[in-house]
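Residue numbers run from 1 in the order of the sequence given. Values below: every heavy atom of this structure, side chains too, minus hydrogens, waters and symmetry copies.
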Amino acid sequence: MFYQRAQDYIADVLSGKEVVCLYVRQAVERHVRDLADQGPKRGFWFDEESAKLYLGAVSLFKHTRGLEFAGKPFDLQPFQAFTFMSIFGWKRYDEGVKTPYRRFTRVYKETAKKSGKSEESALLAWLCLLFDGEYGAQIYSAATKVDQAKIVFAACSSMAKFLKRDSKRLDKMINRNNVRVYIEETESYIQALSSDYHGIDGIDTHVGIIDEFHAHKDSLVSDSIRNSMAARLQPILFTITTAGFNLQYPCYQVARKEAVQVLDGTIQDDSLFSLIFTLDKDDDWRDPTCWIKANPNIGRTVKLKNMMDLFAAAVNGGPMREVDFMTKNLNIWVASQYNWIGDDIFMECKGDYSLKDQQDRQVMCWGGMDLGQTSDMTCFAQLFDPDQNDGKYIFVLYTWLCEETYRKRIEQGEPHAQWVRDGELEITPGNTTDYGYLEQRIIDIQRNYNLVNVGYDVANSSQTAIKLENEGVLLEQFSQGILNMNNPTKELAKHFYDRNVIHNGNNLMRFMFQSVEIVRDSTGNIKVSKKDPNRKVDGVVAMVMALGQYMEWKGINGNMYKEGFRFL
């Protein structure tokens, strides 16, 4: 039944009867191409009998959750049947010889919230435990936090209860406690595993389930699981997740990127199965007819009426709730939970410019200086005159951080080392940020560029201000209060959305824009802030200040400026 359901799904996707996004269609088309191309030359073959065996075994299992489904036979939906058929049907050749071992040793599956991910993961774990014939199989539900890891494990344990109830033979075979579900006969088990587990480096994984990978700030758990599979003949690293807010984390930066590249043919990796349910680029997220692309279980585990209620609450609740709905319910990666300037808009403003050209033409520029706490990031933003650059606002960002804080951030899994390698972050010696590095940079800019002035906030800036003024740098006090920040903050967003900003694609700058939360007062004034203390927005603040300095100068000198006069 389920094998035929998978076949029908393939036909419906190809015919257009099944409404799917581009990535799902690419996954189905890849399967069809590979059927025509299978053989020793490609190194894989499709074992229809194996696929039917595993899919047929699904009838042994029961759903574990919900008033409507708990205790009832597991009913694989078409998209799930296609997934399991692919995982258990495709086998590989070794040195030109057919083997019974799985082709796909890694799976990346992405779908919206409440689409049955935990139940599907638990079912996969049980099928591998019972039918792979692997002695000493270690199967882990893994996450950074033990509570998250226990979600899939709890479903596995509940399935064990139903298996024991329904079969005398399985009742004798299967044991369970609060830590493991295990089979003594084969010394195999299913267990929850988190990053703080003391024995994570000594495991020997047969199946590793990485649940909600979007929340992992580093790849420690995933890498540990994958590295522990080296001695296994047909392991599976099963990564299943919903979209997240942080595009710097390894789920988006590495796992999803690789999955997409396999689907679109940019790279070839015959060991990776990818399936991503989301909206297409040109879809309107407000259109309910598109939603099934992101959650193919709408109408079953997710009721359309409930989705409509969530949608109404999101629209009425403002940008933050809209972002949450798009991310969790429509599986759309949104750079910030507190969206201001979308990441797609930010990246569209990436462009080429020449600092030497700005210098040679003596293009006027303005600066914004945001001095962090002694152990925090310090930033300086430089804005070149848009009227001398065809209306384009060219921003350059410089950022510093002390060595001690840098090391702590590396230990916490943050991407600071990459920013240093890319020349986007400069490390100063010691346990406090040495403002001398910033001061020298501004002095060099003063000497080499047509620097009009620099805006600074008086907090923590007195000594730096004195040193810079003694070097001939014109400083202007620029309060970071909401009234003063309001206009340039709104203008910066406007210039981004008009595609009039140019930056160099600086990933640290991108990270900061993804971290922005806009705060508002009762009269609608806004300023840049951050919700999460671990996120950084200092560079964005410095850019707003630089733009504010330009706006103030233009407001005072606008008429003369238009007539060709310059204040140098």
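- Taking the six-membered ring for Trp, Phe513 and Phe496 have ring centres closer than 6.0 Å.
- Centroid-to-centroid, the aromatic rings of Phe79 and Phe277 come within less than 6.0 Å.
- Aromatic pair Phe395/His503: centroids not less than 6.0 angstrom apart.
- Ring orientation note: the planes of Trp285 and Phe325 are tilted relative to one another, at an angle of 30° to 60°.
- A distance of 6.0 Å or more separates the ring centres of Trp400 and Tyr406.
- Aromatic ring pairs are classed by plane angle as parallel below 30°, tilted from 30° to 60° and perpendicular above 60°; the pair Trp366 and Tyr550 is perpendicular.
- A salt bridge does not link Glu471 to Lys467: none of the charged nitrogens lies less than 4.0 Å from a carboxylate oxygen.
- Electrostatic pairing of Lys117 and Asp211 does not count as a salt bridge here, judged by no charged N lying under 4.0 Å from a carboxylate O.
- In this structure, Asn450 CG and Gln359 CD are separated by 11.0 Å, a value rounded to the nearest 0.5 Å.
- Taking the charged nitrogens against the carboxylate oxygens, Glu404 and Arg409 have no contact shorter than 4.0 Å, which rules out a salt bridge.
- Using a distance-only test at 3.5 Å, with no hydrogens or angles considered, no donor-acceptor pair links the side chain of Glu403 to the main chain of Asn431.
- A side-chain contact (heavy atoms from CB on, under 4.5 Å) with Asp370 holds for exactly one of Val544, Val541, Asp457; it is Val541.
- Note on Glu414 versus Lys408: no salt bridge recorded, every NZ/NE/NH1/NH2 to OD/OE distance being 4.0 Å or above.
- Residues Asp390 and Lys392 are not paired through a salt bridge, judged by the lack of any N-O separation under 4.0 Å between the basic side chain and the carboxylate.
- Ionic pairing of Lys536 and Asp376 is present here: one or more N-O contacts between side-chain nitrogen and carboxylate oxygen are shorter than 4.0 angstrom.
- Under a 3.5 Å cut-off, the side chain of Asp264 and the backbone N or O of Thr266 do form a donor-acceptor pair.
- Distance alone, capped at 3.5 Å, places no donor-acceptor pair between the Glu469 side chain and the Leu474 backbone.
- A salt bridge links Lys356 with Asp360: the closest approach of a Lys/Arg side-chain nitrogen to an acidic carboxylate oxygen falls below 4.0 angstrom.
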